[in-house]
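A short worksheet on the structure shown next.
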Amino acid sequence: MAKFNKNDNRRSNIPSSNSSNKKEGPKVSNGVFVYNKEMTLGELSKQLNIPASNIIKFLFMNKKMVTINQTLDDDTIGEICLEFGYDFKKEKIVSEENFEELDIVDKPEDLLPRPPVVTIMGHVDHGKTTLIDAIRNSNLVAKEVGGISQAIGAYQKEIDGQKITFLDTPGHEAFTAMRSRGASVTDIVVLVVAADDGVMPQTIEAIDHAKAANVPIIVAVNKIDKEGANTEKIRNELMAYDIIPEEYGGDTIFCDISAKKQIGIKQLLEAILVTAEILELKANPNRFAIGTVIEANLDKGEGPKATLLVQNGTLSFQDYVVVGTAYGKIRRMSNEHRATLKVATPSTPVSVIGLSEVPNAGDKFMAFPTERQARDIAFKRALAKKEETQNATSARSLDDLYNRIHEGEVQDINVILKCDTNGSAEAIKASLEKLSNDQVHIKVIHASAGAITESDIMLASAGNAIIYGFNVRPSSMISQKAEQEKVEIRLYQIIYDLLNEMQDAMKGMLKKEKVEQVTGQAEVRTTIKISKVGTIAGCYITSGTIKANSMIRLLRNGVITYTGKIASLKRFKDDAKEVREGFECGISIENFNDIKEMDIIEGYEMVEKA
């Protein structure tokens, strides 16, 4: 497809000045009273050309006392219109900055077939990502912490000349919000159920999300190769949730598969294409793109980065886009294989850079013809969001929370959440707030992607909040600032640990066991590559002490890149047992050589907390 330019023929999604969304006064047309704002009884009387006294008398007979200057609600306006022989219609006025609310209607002749967007749903560890791997011939499972998906991935596959877009959603209960968002942009849900396990809580939630989104479900009964697999049991269990197999007279396609052994994958893909053909999915590529943010994060080298799903229109390289409250000119657009794209048509997921800030996962985006229009709309959206934001107060540390619960006090606890991606931040935020009960109310006052910053510390200090870091680490300077401000920072890599600790504290069962203690941090100033040895990092100890054979983390822009162990620690050419703050040293890491300048090597150890 040819690249679009600024003079292309794509139509804007924003209604034109002569459209029905233009802000006009109330009017009567063909016996229908059309209005778009609140009005008084006197104003309605003039528009309908009915004496105000007649309207007041009608309302009085219906036990409503109304004066001529009183504002009428929609129900009352409707009653009056019907009584005096008019139909009525209230038009919704949508401003250009609220483009999520636009009702875009395309002419049938402008619509062209588009690929289906398929969401993979199901319970944790039932094989969703393994199924994606089987379809894409990839190995995503190996990249996941704890062997579970903690973000939404978007991929596109061409099968028999037809493209299918796949969304892989996390299955753990913590990611209900992300699965819900996944269902809201999908056309077909593939529900993965393990044949050796059965219907589980998140399986039921996935069914609910699919039904709420009113999308068809295809059931993939996975792990049929495992001992104890019982496909009939799965069918019988799902029938209780109104998922009736075709072979039992229902309308749900069931496919027995083994993602690990590549059994039944072709039949599943054929079922997806058949379902998509029945749905007759179409979109208009000849307009500026509109769609949804699937995932977003802050990349050290490239800045704000977002994965967008184009739902209608065509997104072009160098388009001006508004994403949430962010805007920018697309500097690069690529697919999941990092191949650069010039255009992205409907149902295409793309990664883009060039935005002014990191948007939130689930935000809507829209492309615009000019930078000025995009900038102005983003500014208005940011201003509206700022007005809605309210800061909360009255949080405590987790240990303090434990003590106060024992004293029988009702508590509010505020949390600031910093994560490696916005999707994780959204999911953990929803899970923490869900833990609230009659004794303790948890409120996440700020949740975003990126490293823990000084502004986070100041916000936590002002709002008496705990800072939770998920797959991010504070620098030594930030840790010192937190100590000065008496702000508690708690760090996690597995979401279960974070939620369980909070839940235990709320139940008054917080156990004091082995805890992690950071011994020191070293900044990488230079790197040296030596054959048969690997990469040696020339470091300067910025805080504490780095010890030989210590457990370490490699931090890049505040985000954990690698966790492992020191292979060697040297001062000049000699081995060292430890190197203190203010001294230089050479460090090599076991089984890891991707060390770069300005990385932070953080040493830590496990100690008993009294």
Side-chain angles (χ1 to χ4, degrees), residues 1-16 96-97 99-100 102 104-107 109-117 154-158 162-165 167 185 281-297 299 302-359 361 363-379 381:
M1 184 180 293
K3 173 183 171 182
F4 286 96
N5 55 48
K6 293 180 181 178
N7 298 316
D8 63 41
N9 295 319
R10 287 178 295 169
R11 294 191 298 276
S12 173
N13 303 301
I14 297 296
S16 60
E96 60 181 7
E97 63 266 25
F99 53 74
E100 297 98 330
L102 286 175
I104 299 173
V105 179
D106 291 299
K107 297 177 181 177
E109 59 267 25
D110 293 335
L111 298 174
L112 297 175
R114 65 170 177 84
V117 179
Y155 320 97
Q156 200 167 63
K157 178 75 173 179
E158 187 167 316
Q162 299 181 66
K163 289 182 178 179
I164 301 176
T165 298
L167 300 184
V185 299
L281 304 169
K282 293 182 179 181
N284 178 12
N286 191 28
R287 64 164 60 253
F288 282 89
I290 188 167
T292 303
V293 179
I294 300 299
E295 188 53 273
N297 68 294
D299 187 276
E302 298 177 318
K305 180 184 285 189
T307 300
L308 309 179
L309 177 67
V310 179
Q311 293 175 273
N312 200 8
T314 296
L315 186 64
S316 178
F317 168 64
Q318 296 190 333
D319 269 353
Y320 299 102
V321 293
V322 176
V323 188
T325 58
Y327 81 98
K329 182 179 182 180
I330 295 178
R331 291 193 285 113
R332 196 184 76 229
M333 186 165 65
S334 56
N335 61 16
E336 71 270 23
H337 305 295
R338 299 187 179 179
T340 301
L341 302 177
K342 295 295 183 183
V343 292
T345 50
S347 299
T348 303
V350 289
S351 176
V352 302
I353 59 172
L355 302 177
S356 57
E357 60 185 65
V358 180
D363 281 347
K364 289 289 185 180
F365 79 87
M366 183 181 284
F368 294 91
T370 66
E371 181 179 14
R372 181 176 180 178
Q373 190 178 14
R375 184 178 63 247
D376 290 349
I377 290 174
F379 176 77
R381 289 166 67 88

Please step through side-chain contact (heavy atoms from CB on, under 4.5 Å) for the pair Leu167 and Val185, ending with a clear verdict.
CA-CA 9 Å; Leu167 300 184; Val185 299; 3.6 Å; yes
Just checking, is any N or O donor in the side chain of [X] or [Y] under 3.5 Å from an acceptor N or O on the other one?
| X | Y | answer |
| --- | --- | --- |
| Asn286 | Asp106 | no |
| Gln311 | Lys364 | yes |
| Arg381 | Thr325 | no |

Can Leu112 and Asn284 be said to form a side-chain contact (heavy atoms from CB on, under 4.5 Å), step by step?
CA-CA 6 Å; Leu112 297 175; Asn284 178 12; over 6 Å; no
Can you give me the closest heavy-atom contact between Val358 and Ala296, atom names plus distance?
CG1-CB, 3.9 Å
Does Arg287 pair with Asp110 as a salt bridge, N-O distance under 4.0 Å?
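No, no charged N to carboxylate O under 4.0 Å.
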Pair Arg331 + Glu302, salt bridge at N-O below 4.0 Å
no
Is there a donor-acceptor pair closer than 3.5 Å between any side-chain N or O of [X] and the backbone N or O of [Y]?
| X | Y | answer |
| --- | --- | --- |
| Ser347 | Pro115 | yes |
| Asn335 | Leu341 | no |
| Thr348 | Val310 | no |

How long is the gap from [atom1] on [X] to [atom2] on [Y], to the nearest 0.5 Å?
| X | Y | atom1 | atom2 | answer |
| --- | --- | --- | --- | --- |
| Gln156 | Glu158 | CD | CD | 8.5 Å |
| Tyr320 | Arg372 | OH | CZ | 13.5 Å |
| Gln373 | Phe288 | CD | CZ | 9.0 Å |
| Ile353 | Lys329 | CD1 | NZ | 13.0 Å |
| Phe365 | Leu355 | CZ | CG | 10.5 Å |
| Arg332 | Thr340 | CZ | OG1 | 6.0 Å |

Beyond-backbone contact of [X] with [Y], side-chain heavy atoms, under 4.5 angstrom:
| X | Y | value |
| --- | --- | --- |
| Lys157 | Lys163 | no |
| Thr314 | Arg10 | yes |
| Met366 | Val322 | no |
| Pro346 | Pro285 | yes |
| Leu308 | Thr292 | no |
| Tyr155 | Pro349 | no |
| Ile330 | Leu315 | yes |
| Phe368 | Ile377 | yes |

Verdict with supporting geometry, Lys342 and Ser316, side-chain contact (heavy atoms from CB on, under 4.5 Å):
CA-CA 6 Å; Lys342 295 295 183 183; Ser316 178; over 6 Å; no
